[in-house]
Amino acid sequence: VALLGFTKLSYLDMLLKVAIPISLITLIPTWFMVQRIQREVMRLILKRESLKTVLNAMSKPVEEYFRGREFRTLLKQQVEKMEEEHLLVGLASRLKIIDAD
């Protein structure tokens, strides 16, 4: 109202020459940015879901490996190797502070 009184513009002139152009200048870039943000968010959501699927598929075999006989054998071999190569680990093993089994 103050703008109309101060500039002596009619309501129609104010809409056509000021309000509509300003609203279009604001809405058009906003529309494109919203589209871009939505695409990026969807890409991130799909990426996260893909990672979840891969991790879920891998978790069971990895758990089974660590619980399996091969891993225990490998771990036992590494501890025995350390007992032979390192003086303090060998002493701790002989004193039954650590045990390869």
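- With sequence neighbours excluded, the residues forming a side-chain contact (heavy atoms from CB on, under 4.5 Å) with Glu64 are Lys60, listed by chain and number.
- Partners of Tyr11 under the side-chain contact (heavy atoms from CB on, under 4.5 Å) rule, at least two apart in sequence or in another chain, are Leu4, Met14, Leu15.
- For Glu40, the side chain to side chain donor-acceptor pair (under 3.5 Å) criterion is met by Arg43, not counting sequence neighbours.
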Side-chain atoms of residues 28-38: list all donor-acceptor pairs with protein atoms under 3.5 Å, sequence neighbours left out, distances to 0.1 Å.
unit_1 : atom_1 : unit_2 : atom_2 : d
Thr30  : OG1    : Thr26  : O      : 2.6

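- Atom CG of residue Leu75 and atom CD of residue Gln77 lie 10.0 Å apart, to the nearest 0.5 angstrom.
- The list of salt bridge (charged side-chain N to carboxylate O under 4.0 Å, His left out) pairs with a residue in residues 7-25, not counting sequence neighbours, is empty.
- In terms of the side chain to side chain donor-acceptor pair (under 3.5 Å) criterion, Arg39 has no residue partners (sequence neighbours excluded).
- In the hydrophobic clustering of ILVMFWY residues, with side-chain heavy atoms under 4.5 Å counting as a link, Ile20 and Leu12 come out together.
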